[in-house]
Amino acid sequence: MKKRSLLIAAIALTFSSFTFCSSDTGDDDENNVPMGTVPQNNDSGKNNDKNPDNVTGGGTTNPGGGSGNGGNTGSGGDNGSGDNSGSGDNNGSDSGSSSIPTWQLVFEDDFEGDSSTPDPKYWSLAKKGDDTWNRYMSESYNQAYQKDGYLYLFGMESDGKYYCGGIETVEKYYFKYGQLKCRARFLRHPQGNHTGIWMMPQPGLSVPTQKWPKSGEIDIMEHLNSDDIVYETVHFWNETENSDDKQDKTASIDIEEFNTYGVIWDEESVSFTVNGDVKFTYKNENPGNENFSYQYPFTEPFYIILSQSLGGEGTWEGPINNSQLPAIFQIDWIKVWQKN
């Protein structure tokens, strides 16, 4: 998600940002930011499975078990509080079987509540930056709000400027090893649209002081335009080539329906799921080694990002079709489990 284009693309992005954001001071005046409007839509209920997947991914032993909770939150009340601890019906099934892990719910958000702002205990607006994914990020909740039990993230244009919505749990909630699932759909998916469910290492800890991509990145789901596939990707550093590297796969989806995207992550592997089926597994080539590995930097706590972006000329997404905007990413719920 962080880096997708070559030098020529970066140059094109620079000119396009001048074209569309020449009057942008870097701070949105919320009173002047247009409000994303949710069209009438129906929830089919498809893939509405809120239980952890009873699969082990690529791992074979207890992946982090007790090591997940102690140092994973850092913020005390932001993880494992009373209303977010797993209850009996979320602890997996067949707990007596040694081949099936028992999962405990440690984080969830159904985007319910009276406020339209996502729970500030866990979420903040994703900050505007210089990368393709966040260069149009709005600093207003007009493009990232919850309504009727859903989170809506918009990518829209108004008066020659683009506004995109994104939220993240940086500094508020992060975890090491476990299983994440998120049910979502692309309510509107125009040309130039790029949505993501992904994770980055929590800054300020021992390993994440290294810059991207040496610190790693886990892209649980990325979707472009009106494609009927999603991308699942890990980013890391290739010491042999002395350059950033990645491995990824694609998975087919029904673009008009909700799908549930997930990751199962432990010290041995990162496995990606769509609707409960493992589609891609990236393995640690030296499991059990406590030293930091560029090949497998996924041994530190990561935080969650939900984002809606827009591309442009020279980007992975391609040019934006203003007549098809807004792009709307609709999220039903997100959950995280860890092993007992």
Side-chain angles (χ1 to χ4, degrees), residues 1-6 8-17 19-21 34 36-39 41 44 46-47 126 129 131-138 143-144 150-158 160-167 182-198 217-233 235 246 248-261 272 274-275 279-280 305-332:
M1 174 71 78
K2 287 269 293 178
K3 307 288 183 185
R4 289 289 184 185
S5 53
L6 301 175
I8 188 171
I11 296 172
L13 291 179
T14 302
F15 282 110
S16 66
S17 64
T19 302
F20 299 122
C21 295
T37 303
V38 178
N41 64 89
S44 68
K46 183 179 180 182
N47 301 317
D131 285 323
T132 305
W133 80 273
N134 62 10
R135 61 176 176 162
Y136 297 132
M137 200 58 64
S138 174
Q143 281 70 48
Y150 297 102
L151 171 70
Y152 294 95
L153 302 179
F154 294 83
M156 52 194 298
E157 181 270 340
S158 178
K161 294 180 63 175
Y162 292 118
Y163 301 88
C164 294
I167 60 174
C182 181
R183 181 176 187 260
R185 70 171 170 176
F186 317 108
L187 196 56
R188 290 180 57 89
H189 39 81
Q191 169 60 41
N193 142 71
H194 181 179
T195 56
I197 302 168
W198 51 302
E217 174 182 333
I218 300 173
D219 296 331
I220 301 168
M221 183 283 293
E222 290 182 272
H223 180 258
L224 307 180
N225 307 318
S226 294
D227 294 351
D228 59 0
I229 60 170
V230 293
Y231 295 83
E232 303 159 324
T233 310
H235 292 266
K246 67 182 178 68
D248 61 356
K249 292 289 179 64
T250 61
S252 299
I253 59 164
D254 184 340
I255 193 175
E256 301 302 331
E257 297 287 353
F258 277 98
N259 293 276
T260 301
Y261 305 99
F272 298 83
V274 176
N275 300 326
K279 302 295 185 179
F280 167 48
I305 307 171
L306 305 174
S307 61
Q308 170 66 68
S309 306
L310 294 173
E313 295 290 344
T315 67
W316 189 31
E317 306 85 352
I320 305 167
N321 188 332
N322 286 1
S323 66
Q324 296 178 354
L325 295 177
I328 306 177
F329 189 27
Q330 181 183 19
I331 298 97
D332 187 1

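Counting begins at 1 with the first residue of the sequence.
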Can any side-chain N or O of Gln308 pair as donor or acceptor with the backbone N or O of Gly196 at less than 3.5 Å? no

Measure the shortest side-chain to side-chain distance between Leu153 and Ile328 over non-hydrogen atoms and say whether it is less than 4.5 angstrom. no

With sequence neighbours excluded, what pairs up with Glu256 under the side-chain hydrogen bond (donor to acceptor under 3.5 Å, both in side chains) test? His189

Any idea which heavy atoms bring Gln330 and Leu187 closest together, and the distance? OE1-CD1, 3.7 Å

Any side-chain donor near an acceptor of the partner, Glu317 and Asn225, under 3.5 Å: no

Which residues pass the side-chain hydrogen bond (donor to acceptor under 3.5 Å, both in side chains) test with Thr37, sequence neighbours left out? none

Taking only residues two or more places apart in sequence or in another chain, which ones pass side-chain hydrogen bond (donor to acceptor under 3.5 Å, both in side chains) with Glu157? none

Check for me whether the distance between the ring centres of Tyr136 and Tyr163 falls short of 6.0 Å. no

Under the rule for side-chain contact (heavy atoms from CB on, under 4.5 Å), what residues qualify as partners of Ser252, not counting sequence neighbours? Ile229

Nearest atoms (heavy-atom pairs only) where Pro326 meets Met156: CB-CB, 4.0 Å

Residue set satisfying side-chain contact (heavy atoms from CB on, under 4.5 Å) with Asn321, at least two apart, ordered chain then number -> Gln191, Ser323, Gln324

Sidechain-backbone polar pair: Asn259 side chain, Asp254 backbone, donor-acceptor under 3.5 Å: yes

Test side chain to side chain contact (heavy atoms under 4.5 Å, CB included) on Phe272 and Lys249; report intermediate values, then the result. CA-CA 9 Å; Phe272 298 83; Lys249 292 289 179 64; over 6 Å; no

Qualifying residues under ring-ring contact (aromatic ring centres under 6.0 Å, His included), relative to Tyr261, sequence neighbours excluded: none

Stepwise, does the ring-ring contact (aromatic ring centres under 6.0 Å, His included) test hold for Trp316 with His194? CA-CA 9 Å; Trp316 189 31; His194 181 179; 5.4 Å; yes

With sequence neighbours left out, the residues meeting ring-ring contact (aromatic ring centres under 6.0 Å, His included) with Tyr152 are none

My understanding is that only residues two or more places apart in sequence, or in another chain, count here; which of them pass side-chain hydrogen bond (donor to acceptor under 3.5 Å, both in side chains) with Ser307? Trp198

Taking only residues two or more places apart in sequence or in another chain, which ones pass side-chain contact (heavy atoms from CB on, under 4.5 Å) with Asp332? Asp43, Asn48, Tyr150, Arg183, Phe258

Please find the pair of heavy atoms, one from Ile320 and one from Gly311, that lie closest to each other, and give the distance. CD1-O, 3.6 Å

Does the side chain of Glu222 reach to within under 4.5 Å of the side chain of Ile197, using non-hydrogen atoms? no

